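First the structure, in the form of structure tokens, and then the observations on it.
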Amino acid sequence: MTETGLVLGIETSCDETAAAVVKNGRTILANVIASQVDVHQRFGGVVPEIASRKHIEWILPVIDEALAQADVGLTDLDAVAATYGPGLVGGLLVGLAAAKSLAFARRIPFVGVNHIEGHIYANILAHAEIAAPLVCLTVSGGHTDLLYMPQLGTYEIIGRTRDDAAGEAFDKIARVLGLPYPGGPQISLLAEQGDRERFPMPRGLLGGETYDFSFSGLKTAALNTMNQAKQRGEELPLADFAASFQWAIVDVLTQKVLLAAREYGVAQILLSGGVGANSYLRHHLTTKAAEYGLEVFYPPLELCTDNAAMIASAGYFRYAAGCRDPWDLNAVPGLRLGD
Ligand code: KG4
Ligand code: ZN
């Protein structure tokens with residue numbers, strides 16, 4: 001790595017075609033995201049085949065735009081990083097092929113990045129004061145992982161969801177309510193004016209014996225509440241319903257993270273991933289953690305959901321630690337942290 005430490009990051013694991021240029025893992029020079037949300041909205045979720053086609057259409061213009069915004073050329077880059085999993089295989093292959101071709105043509109290193117590690121680096125990128133050991137909660141549409149990090153870059157998974165991811169639960173209930181995809185932000189907005197105690201909802205696996213999560217019982221209870229209101233011919237008070245549903249998720253996440261932070265004796269907690277954009281979760285977790293003298297970090301909103309700056313940052317730190325990936329690195333849709 002030269003002194004400039006310029007990394008082009010590429011992210012195509014789901015429905016965002018994204019490219020970013022980041023300097024020394026911490027300074028974002030460009031962060032371009034072409035979101036396909038509009039394309040998938042009418043289907044109520046991401047259609048993998050359509051997502052791959054859109055990635056193919058948009059990947060090169062998005063990379064061009066990132067380089068132009070950063071005011072750098074391909075010859076200025078020191079390395080190229082791309083997400084190689086977890087995610088939708090068709091999308092991952094597009095980003096990987098683009099990254100490897102550029103790196104190969106320029107004869108510079110290529111680094112594959114785990115998408116979940118990317119979400120964690122969105123936080124590290126934004127906050128220089130983050131220091132291990134720490135506990136990290138990564139909550140997105142595809143993942144709900146509770147991790148212990150004895151040092152930056154080393155992950156011990158201490159809990160994960162046994163069924164739906166937290167974001168998936170938000171999206172599924174929003175879909176039944178007829179709200180547009182992605183549902184998390186919609187439910188969060190509705191909940192602002194609601195009474196969180198109006199509809200008591202179950203908290204899965206809350207008893208202290210496991211750090212795993214389960215949201216399927218909550219989903220069923222929410223669906224039952226909706227059906228009961230319908231059968232009685234009553235209008236569901238949407239704001240109260242959204243607030244009660246959101247509160248059940250936020251309560252479980254907060255209690256488990258705080259328990260882990262105290263058991264592992266850390267001083268810092270990281271919140272990452274799309275659901276980490278939820279303002280109620282940010283507020284509640286921060287307030288509760290402060291009662292135990294624990295500090296909570298979360299990325300700025302634009303870095304919470306999928307982006308390539310987090311991939312460039314994670315890629316930079318992997319490269320700086322001596323990691324290089326071969327040209328035949330394949331997409332791994334089910335990749336886990338630590339694999
Ligand atoms: O990290 P992300 O962009 O993609 C994945 O890696 O899955 O996360 C997207 C997920 C979606 O499920 C979306 O509904 C959820 O994050 N999300 C939210 C909020 N913003 C995004 N969930 C709750 N509240 C929000 N404000
Ligand atoms: Zn993500």
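Start at 1 with the first residue, then count along the sequence. These numbers were taken from a predicted model, which means no experiment stands behind them.
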[X] [atom1] to [Y] [atom2] distance, which is reported to the nearest 0.5 Å:
X      : Y      : atom1 : atom2 : value
Asp15  : Lys54  : CG    : NZ    : 12.5 Å
Phe215 : Ile249 : CZ    : CD1   : 5.5 Å
Tyr264 : Leu147 : OH    : CG    : 10.5 Å
Ser101 : Trp327 : OG    : CH2   : 9.0 Å
Ile56  : Thr12  : CD1   : OG1   : 10.0 Å

*Hey, quick one: are Leu29 and Val22 part of the same hydrophobic cluster, counting side-chain heavy atoms closer than 4.5 Å, chains of contacts allowed?*
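In one cluster: no.
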*Hydrophobic cluster identity match, Met310 and Leu303, side-chain contacts under 4.5 Å*: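 No: no chain of side-chain contacts under 4.5 Å links Met310 to Leu303.
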Which pair of non-hydrogen atoms, one from [X] and one from [Y], has the smallest distance, and what is that distance?
X      : Y      : value
Glu302 : Asn307 : O-ND2, 4.1 Å
Asp306 : Ser13  : OD2-OG, 4.3 Å
Val139 : Ala166 : CG1-CB, 4.0 Å
Ile50  : Gln36  : O-OE1, 4.5 Å
Ala30  : Gln69  : CB-CB, 3.7 Å
Pro182 : Asp171 : C-OD1, 3.8 Å

*For Tyr292, ring-ring contact (aromatic ring centres under 6.0 Å, His included) partners two or more places apart*: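 Residues passing ring-ring contact (aromatic ring centres under 6.0 Å, His included) with Tyr292: none at all.
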*Centres of the Phe199 and Phe245 rings: under 6.0 Å?*
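Distance test on ring centres: not under 6.0 Å, no.
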If we ignore angles and hydrogens, is there a donor and acceptor under 3.5 Å between the side chains of [X] and [Y]?
X      : Y      : value
Asn224 : Gln228 : no
Thr154 : Glu156 : no
Ser214 : Asp163 : yes

*Geometric class of the His284/Tyr280 ring pair [parallel <30°, tilted 30-60°, perpendicular >60°]*: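 Geometry flag for His284 against Tyr280: parallel rings.
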*Carefully, step by step, assess Glu57 and Arg53 under the rule salt bridge (charged side-chain N to carboxylate O under 4.0 Å, His left out).*
CA-CA 6 Å; Glu57 274 175 42; Arg53 285 166 190 251; over 6 Å; no
